[in-house]
Amino acid sequence: MSDNTAKANPPVTNPRLAKEEKLKALLSAGHTAYPHVFKRSHQAQELQNKYAELAPGAETEDKVAVAGRVMSSRNNGLFLDLQDASGKIQVFCHKDSMPADQLARLDFIDIGDIVGARGTIRRTPRGELSVRAVEIEILTKSLQPLPEKYHGLSDVEQRYRQRYVDLIMNEDSRNVLRIRSKIVQSIREYMNALGAIEVETPMLHGIMGGASAKPFITRHNALDADFFLRVAPELHLKRLIVGGLADVVYEIGRCFRNEGLSIKHNPEFTTIESYHAYKDYNDIMDLVEDLVRSIVLKIHGTDKVIYDGKEIDFGKAWPRRSMVDLVKDATGVDFMAIADANDAHAAARKLQIPVDPKAGWGKVVEAMFAEKVEHTLIQPIHVIDLPLEISPLAKTHRNNDRLVERFETYINGWEIANAFTELNDPKIQLARFEEQVSAREAGDEEAQMLDDDFVTALEFGLPPTAGWGMGIDRLTMILTDSKNIREVIAFPTLKPKKLA
RNA sequence: GACCGCGUAGCUCAGCCGGUAGAGCACAUCACUUUUAAUGAUGGGGUCGUGGGUUCGAAUCCCACCGCGGUCACCA
């Protein structure tokens with residue numbers, strides 16, 4: 001208003017308030033802070049590529065229009081660094097190139113604002129490709145101060161809670177999520193090329209099944225019913241094979257497990273699961289190996305990847321070793337020579353590995369594997385022929401009734417994929433479900449529930465089928481050298497901030 | 001869930017054997033028209049995570065709580 005009011009107010013020094021003041025000034029000067037559109041001619045990286053050979057000091061008449069966020073400003077706005085989704089380009093705002101009214105707009109522009117600039121391409125004598133601006137325009141006024149330009153945003157909590165700030169500031173964060181997108185896209189392309197069809201099955205399940213896990217429970221009001229958020233899409237996908245929808249179906253989507261968080265576990269995570277009629281687990285081993293190798297090649301251009309300083313070689317043929325053999329290599333104990341659970345427990349005690357006293361032979365073997373073998377499996381390997389006891393949905397091994405035709409693929413000591421020849425005998429499936437129910441009643445919260453309708457589906461007839469699932473988050477971690485699963489998830493689960 | 005560590009300005013960090021809070025960036029004003037973390041001068045900005053305790057006095061010591069990270073346990 002009057003000069004008096006202006007003088008009465010102390011100078012605005014809070015960065016946030018200063019931006020509000022500048023917004024007001026911008027509006028009173030007759031500009032808009034949020035115009036509807038700006039016609040760009042190029043992205044920054046396109047120009048960097050197109051003019052890669054332009055010599056320092058060279059001026060062109062080539063007119064371009066660029067837009068992006070102002071990441072830094074030097075010499076009083078003479079040089080602005082614009083960042084767009086492709087990269088960066090400098091905007092050069094010289095008084096000799098800009099009409100006075102355009103030059104005056106610089107007063108309203110802050111670091112963090114999104115601006116558009118029109119002008120000609122040049123390379124400065126110091127070698128920086130620049131747009132010599134004739135016109136400049138605020139496309140979006142930013143009201144929040146950006147983190148410090150040199151160190152950026154490093155506070156882990158804030159990076160995840162305000163991922164948009166992290167993405168503005170950290171190219172590494174942008175790259176990880178971009179690679180994740182490419183991985184998912186590569187999987188789709190691969191599956192579609194097989195003639196598979198992509199499907200979507202329910203996330204709200206009335207019965208928990210498809211994996212051993214603790215579920216989230218939620219409520220549908222109108223139906224007055226509780227639902228489980230799915231722990232796996234498995235049982236629905238097999239129903240689609242029963243229905244003959246396609247010989248190969250796959251789903252890429254979220255699963256939810258109500259368990260602990262860790263650098264390898266987020267409560268919601270993404271898997272691909274796929275089912276293949278008239279195939280067995282041997283076929284799936286070939287498929288998983290070929291698929292993963294092709295993704296690695298597409299992402300990295302080589303079949304070798306460095307994770308945490310270790311080279312992982314996806315190129316060589318992946319070994320196929322039985323779980324019991326691997327345990328034998330690591331411990332000297334041949335569990336196939338051990339007939340019953342008591343002897344298995346005795347062997348575990350001798351190896352000083354704690355095991356749940358209720359565990360049967362199969363769970364003891366699994367515990368030995370988890371303790372002695374798992375972490376050593378850095379290079380890709382298919383661990384095959386797992387105990388039946390821990391595999392209620394897999395078909396009994398054709399040569400050994402204590403085992404199933406199942407494999408887990410390990411890379412970097414982590415289970416990346418899990419697959420089996422599907423159990424399709426409805427009577428055996430019913431019996432396996434009943435064992436799960438008993439385990440549940442005995443206190444095993446992760447045991448599955450009896451899915452009657454799934455048994456009915458099997459009674460209609462599931463063709464010989466093999467299926468598999470793969471954790472996309474973990475694969476992405478390995479391919480982006482990420483040490484924490486939260487890095488590969490745009491918005492990882494965090495405890496909600498309590499309101500004061 | 002258990003244990004260990006961390007929480008100071010918008011951001012990155014000092015300060016922590018108790019004596020009433022500092023730097024750089026950012027912000028404001030000024031100077032400067034070929035910079036690259038631009039530069040120089042001046043200035044403003046803090047419930048030191050929250051609550052309680054010990055003390056003449058607490059960012060600093062103690063306790064509880066909240067949030068985050070790491071390790072372990074369960075799990076993909």
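In what follows, chains carry the letters A, B, and so on, assigned in the order in which the sequence lines appear, proteins first and then strands, with residues in each chain numbered from 1.
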Quick one: label [X] by what it contacts on the DNA or RNA (base, sugar-phosphate, nothing), any heavy atom closer than 4.0 Å.
X	result
A:Asn484	sugar-phosphate
A:Gln144	nothing
A:Lys88	nothing
A:Gly152	sugar-phosphate
A:Arg132	base
A:Glu148	base
A:Asp155	sugar-phosphate
A:Leu78	base
A:Ile263	sugar-phosphate
A:Thr124	base
A:Asp356	nothing
A:Glu128	base

(request) For nucleotides B:A59 and B:C17, find the distance between their C1' atoms and express it as a whole number of Å. (result)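 Their C1' atoms lie roughly 15 Å apart.
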Check this one for me: any side-chain N or O of [X] less than 4.0 Å away from OP1 or OP2 of [N]?
X	N	value
A:Lys149	B:A38	yes
A:Arg161	B:C68	yes
A:Gln158	B:C68	no

(message) Let me spell it out: for each of A:Leu146 and A:Thr270, pick the nucleotide of RNA chain B with the closest heavy atom. Which residue's pick is nearer the 5' end?
(response)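 Between the two, 5'-proximity favours A:Leu146.
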(message) Quick check on RNA chain B: between A:Glu371 and A:Pro145, whose nearest nucleotide comes earlier from the 5' end?
(response)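 Taking each residue's closest nucleotide, the earlier one in sequence belongs to A:Pro145.
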Can you tell me the base-pairing partner of [N]? Count Watson-Crick or G-U wobble geometry only, both distances below 3.5 Å, and say none if there is no partner.
N	result
B:U36	none
B:G18	none
B:C48	none
B:C3	B:G70
B:C25	B:G10

(request) Provide the closest heavy-atom pair for A:Leu146 versus A:Met71 in the form atom of the first, atom of the second, distance. (result)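 Closest heavy-atom pair between A:Leu146 and A:Met71: CD1-SD, 4.1 Å.
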(message) Taking the basic N atoms (NZ, or NE/NH1/NH2) and the acidic carboxylate oxygens, is any pair closer than 4.0 Å for A:Arg406 and A:Glu408?
(response)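 Yes, A:Arg406 and A:Glu408 are salt-bridged.
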(request) Please determine if A:Glu487 and A:Lys483 form a salt bridge, counting it only when a charged side-chain N lies under 4.0 Å from a carboxylate O. (result)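 Salt bridge flag = no for A:Lys483 with A:Glu487.
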Starting the side chain at C-beta, find the nucleotide from [options] nearest to [X].
X	options	value
A:Ser154	B:C27, B:U36, B:C13	B:C13
A:Leu494	B:C32, B:C68, B:A38	B:C68
A:Lys95	B:U36, B:U33, B:A38	B:U33

(request) May I ask you to check if A:Arg254 and A:Phe269 form a cation-pi contact, with NZ or CZ under 6.0 angstrom from the six-membered ring centre and within 45° of the axis? (result)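 Not satisfied by the 6.0 Å and 45° rule.
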(message) From CG of A:Leu261 over to C1' of B:G1, roughly how many Å is that when rounded to an integer?
(response)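 Rounding to the nearest Å, CG of A:Leu261 and C1' of B:G1 are 12 Å apart.
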(request) Please work out which of the three classes, parallel, tilted or perpendicular, describes the rings of A:Phe256 and A:Phe216, given edges at 30° and 60°. (result)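 A:Phe216 vs A:Phe256 ring planes: perpendicular.
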(message) Parallel, tilted or perpendicular, judged at 30° and 60°: which one describes the rings of A:His382 and A:Phe407?
(response)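 Rings of A:His382 and A:Phe407: perpendicular, as their planes differ by over 60°.
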(request) Answer yes or no: is there a side-chain heavy-atom contact under 4.5 Å between A:Asp81 and A:Val70? (result)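 Result no, sub-4.5 Å side-chain heavy-atom pair not found.
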